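Notes to accompany the following structure.
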Amino acid sequence: MIRRLTFNLAPGRILGIVGESGAGKTMIGRVIAHALPAGFAVTGGSLRLDDDNLVRLTPARRRALLGRDIAFVPQEPMTALNPVMTIGAQFSEHLKRLGITSRRTRALELLDAVHLRDGAALLRRYPHQLSGGMCQRVLIAMAFAGRPRVIVADEPTTALDVTIQARIVQLMAELQRNAGTAMLFITHDLRLASRICDEIVVLYAGRAVERGPAASLLAEPAHPYTRSLQLASPTMTGPRRALLALAHRMPGLLELAGMSGCRFAPRCPIAEADCLTMDPLDRAAGPMRVAACLRVDGAHRIAVSGLPVAPAIASGKPVLRLHDASKRFRSFWGATGTWAVHDASLVIGAGEFVGLVGESGSGKSTVARLIMGLERATSGRVVLGDRDVTRASAADARHRLHWAQMVFQDPQSALNPRRMVGDIVTQVLQAGRRPLDRTRRMERARELLAEVGLGADLLERYPAQLSGGQRQRVNIARALCAVPRLLVADEIVSGLDVSVQAQLLALLLRLRAERGIALLFISHDLSVVRHLCERVLVMHRGDIVEQGPTETVFASPRHPYTRRLLAAVPPDDPALPWQPFPDEAELMPPAGPPRAAVAVPSR
Amino acid sequence: MNALLSGRVLVGAALILFVSLCAMFAPLLASHDPGEQDLLNILLPPAWSSGGDAAFPLGTDSLGRDQFARLLYGARLALLVAVTAACGAAVLGTVLAHIAGYFGGFLDWLIGRAVEVWMSFPPVILSLILMVGLGTGADRVVLAIVLVDWTRFCRVLRAEVLVTTQRDYVTAARLSGFTHLQTLIREILPATLPLLITLLSLEMGIAVIVEAILSFVGLGVAADQVAWGQMIADARSNFALAPWTLLLPMAAIFFTVTGFNLLGDGLRRTLDVRQTIARSA
């Protein structure tokens with residue numbers, strides 16, 4: 001899986017391990033933790049922490065080292081804490097294991113260091129009474145408790161909201177500086193890594209393709225893959241440009257066995273014949289820089305030009321209008337309620353791409369569900385085309401088929417694992433009073449797959465046999481089947497790697513050019529919204545707090561919440577300072593159990 | 001498909017097949033009518049032991065009836081009750097489970113409370129009370145088992161339906177214009193079917209036992225029908241004299257129930273999606 005990986009981590013430094021899913025990032029953490037999945041083994045090499053070879057440790061020595069000298073910050077803070085024990089009890093247990101006396105005082109000190117106020121009250125709480133960000137702070141405090149020599153943080157902020165992510169990353173960097181600890185920061189986000197890491201290793205298919213100081217690596221990538229990653233990510237400043245969409249995908253574990261030569265060569269824009277046969281060795285690529293490429297100097301030749309889209313289509317007749325739509329969720333016996341969406345008004349014209357941004361729990365998804373008739377508005381109106389569909393009746397649903405369709409966030413959950421792709425994409429034709437026969441449906445399925453850039457050979461596959469990107473395309477193809485005028489897309493690229501994301505964004509833009517389709521694009525990723533949408537709406541706690549042309553809103557945000565969202569994104573230019581705002585909710589534990597009334601509609 | 005052929009499934013299926021063949025060909029295999037009394041030959045031991053008679057391969061009971069014939073005809077009743085009662089309970093429980101899990105809200109609350117109240121009665125007592133009210137007969141036994149055991153299906157399947165309903169593909173089906181009924185049959189039932197099949201098999205074993213209990217206390221089938229429970233009840237008083245009269249029907253029950261349980265347990269392991277995924281990953 002991983003081959004010939006070399007890195008050095010000095011005390012007080014942060015090393016970033018960057019790669020897409022399947023690159024082998026997590027394996028590194030697992031090797032250190034001695035938690036390799038069945039069937040994997042370290043076949044050679046060593047991993048030294050001072051005098052200990054971490055690959056071959058006696059169990060006793062391992063127990064002594066792990067948790068004490070090597071601490072871990074997990075990916076999912078909510079699941080890493082025991083839900084039936086108070087924070088205090090878990091903290092105390094951890095400190096006891098580290099051999100620390102006066103545990104309460106130490107715990108309070110540590111909580112203070114991670115900027116959690118009122119630690120004494122916090123210690124009495126249970127994990128479910130805290131937000132995800134607070135849980136992660138607690139876990140970070142625990143990780144630093146034993147003054148470890150190394151901290152391994154595997155995607156520590158991926159499960160958190162953007163504004164919280166920014167604060168957590170800065171907090172970790174701050175603690176690490178103060179304690180002089182070394183840190184291994186594993187992430188998929190090159191931009192984030194370049195912000196906090198001193199040095200970065202870029203992994204591709206288990207091979208470290210490039211290594212070097214963070215700033216120079218980002219400014220001048222030497223390996224074609226690093227360069228491609230950068231060109232595939234949308235930016236927050238400067239003119240909008242097309243994204244580089246690499247062909248194919250990263251070779252999987254089974255394909256690797258049969259590969260000789262450079263593992264990136266089949267996708268590399270500047271590969272030549274010898275790349276496919278010769279295994280590139282690490283070469284110097286500038287001061288302190290190493291890249292495993294035969295054409296170290298060629299990376300800068302990779303470029304994309306042109307605008308992402310034909311100029312925005314002038315808004316025609318509105319396809320969707322929301323007038324003061326509100327949704328209130330009541331508890332079962334109707335005692336209390338929460339406004340998930342409050343007086344939301346928006347208009348989307350034909351062929352218009354509109355972004356909807358906000359944090360989790362801001363009501364973005366509820367807006368989508370209101371439009372799709374999955375929830376009925378408590379008040380206000382939802383108008384699709386020329387028909388008021390607020391009541392979400394059966395006739396409304398038939399009308400909606402040809403006006404709005406939804407693309408779901410998680411393609412895994414959105415595709416029935418027991419159905420073949422051909423049946424999934426044409427299920428609209430199977431429903432209703434006059435279902436089409438199978439031959440006619442397969443004809444249509446072939447058209448749809450071609451439209452989303454998939455081959456007809458996938459017709460008889462099951463979702464489990466597809467890659468993440470292919471599944472999301474199938475998901476889009478299904479939504480297109482009834483030829484809707486509006487697509488409602490809820491976080492459809494958030495689980496995907498940047499190179500796949502770039503392909504999908506290009507697909508959406510092509511669909512607009514060809515069919516004039518409109519899009520409501522719900523996302524937490526501001527740079528993707530900027531790339532795709534002319535107009536953006538910002539939601540905060542059920543209210544649309546700001547809306548306008550994307551460039552204007554992002555360049556001069558008026559609402560304080562929009563400013564906070566924007567500040568949470570690290571600037572494109574590594575030279576510019578990154579100053580996310582402190583989040584009051586993070587600093588002050590709310591009085592009651594905060595997530596008792598969170599709007600999670602049952603259906 | 002190969003995964004289906006685990007050891008448990010094979011052994012369980014073989015046992016059930018054997019009992020089914022016995023039941024099916026009972027008139028051909030048995031040389032006596034199961035009700036025929038031969039008062040000259042009462043409590044005969046099996047043919048192979050001393051004092052046995054080749055005409056009565058497994059001996060006779062206290063009224064001189066052929067044990068072999070009675071076991072075979074008893075299997076007919078046991079299997080008939082097991083299959084129909086389990087299917088009946090499955091249909092009732094599955095329908096209610098899907099309604100509760102899919103629609104949620106008040107319906108879910110109502111069905112959930114009904115199941116809880118129902119399950120708070122001890123099942124044996126409940127079925128005895130029902131039998132007293134309904135009267136005896138094979139159809140009444142089936143009805144009693146259905147009315148008592150539908151809750152097993154309802155409770156377990158509801159949880160499965162609930163999980164499946166929250167998947168996005170179910171929402172997608174609704175957005176594609178399928179009716180609730182179509183969505184349930186198309187998207188949700190296939191996901192719950194493996195669990196349903198497993199429960200069905202286990203329930204058949206339970207039904208065999210319940211039928212035996214009811215026959216044992218005389219509240220099962222009519223006196224002229226042969227039931228294993230009845231055979232045990234008849235043999236009680238002569239246990240010291242003729243232990244085989246008691247042991248044979250007990251062994252029959254044991255093998256049948258074991259067969260159903262092995263089959264059910266094996267199916268649970270092979271059909272359970274989560275376990276299959278865990279194995280292949």
Side-chain angles (χ1 to χ4, degrees), chain A residues 37-39 330 332-334 365 368-369 371-375 392 394 397-419 423-435 463-464 471 474-475 478-479 481-482 484 488 490 492 600-603, chain B residues 1 3 97-113 158-197 271-281:
Chain A
R330 292 172 177 282
F332 183 53
W333 292 113
S365 294
R369 295 179 67 86
I371 296 167
M372 297 314 300
L374 297 168
E375 303 288 350
R398 277 196 295 280
H399 172 79
R400 184 179 292 106
L401 267 185
H402 304 287
W403 280 89
Q405 277 292 322
M406 186 155 175
V407 186
F408 294 88
Q409 168 171 12
D410 178 8
Q412 183 107 34
S413 150
L415 306 177
N416 190 337
R418 291 170 194 82
R419 293 191 170 275
D423 286 321
I424 290 174
V425 295
T426 55
Q427 66 181 28
V428 169
L429 304 175
Q430 236 185 332
R433 297 204 183 100
R434 274 167 294 138
R471 276 185 216 152
V474 170
N475 204 351
R478 171 175 61 190
C481 186
V488 176
D490 191 352
I492 60 167
V600 184
S602 61
R603 285 197 344 96
Chain B
M1 207 55 211
H98 281 71
I99 291 173
Y102 179 78
F103 291 103
F106 179 69
L107 279 173
D108 187 24
W109 181 87
L110 195 70
I111 293 172
R113 293 305 85 75
R158 176 193 162 269
E160 193 77 8
V161 173
L162 209 59
V163 171
T164 314
T165 302
Q166 279 162 2
R167 313 230 65 180
D168 285 337
Y169 64 76
V170 177
T171 312
R174 288 289 299 145
L175 291 178
S176 296
F178 288 101
T179 60
H180 285 303
L181 184 65
Q182 282 174 317
T183 309
L184 273 168
I185 292 172
R186 236 181 89 95
E187 311 284 340
I188 295 182
L189 195 61
T192 52
L193 204 57
L195 186 60
L196 176 61
I197 292 171
L271 292 179
D272 190 327
V273 190
R274 279 157 295 188
Q275 297 203 11
T276 316
I277 288 169
R279 216 177 306 133
S280 63

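Every chain is numbered from 1 and lettered A, B, ... according to where its sequence line falls, protein lines coming before strand lines. Just so it is clear, the model here is predicted, and its values are computed rather than measured.
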Residue part contacting chain B, namely of A:Q405, when any heavy atom lies under 4.5 Å: side chain
Quick one: closest heavy-atom pair of [X] and [Y], and the distance?
{"X": "B:Y169", "Y": "A:A414", "result": "CB-O, 3.1 Å"}
{"X": "B:P190", "Y": "A:R418", "result": "O-NE, 3.5 Å"}
{"X": "B:L175", "Y": "A:L374", "result": "CD2-CD2, 4.0 Å"}

Rounded to the nearest 0.5 Å, how far does [atom2] of [Y] lie from [atom1] of [X]?
{"X": "A:Q430", "Y": "B:R186", "atom1": "CD", "atom2": "CZ", "result": "4.5 Å"}
{"X": "A:M372", "Y": "B:T171", "atom1": "CE", "atom2": "OG1", "result": "10.5 Å"}
{"X": "A:D410", "Y": "B:R167", "atom1": "CG", "atom2": "CZ", "result": "7.0 Å"}

Give a yes or no answer on whether the side chain of A:R478 reaches the backbone of B:S176 with a donor-acceptor pair at less than 3.5 Å. no
What part of B:T179 gets within 4.5 angstrom of chain A, counting heavy atoms only: side chain, backbone, both, or neither? neither
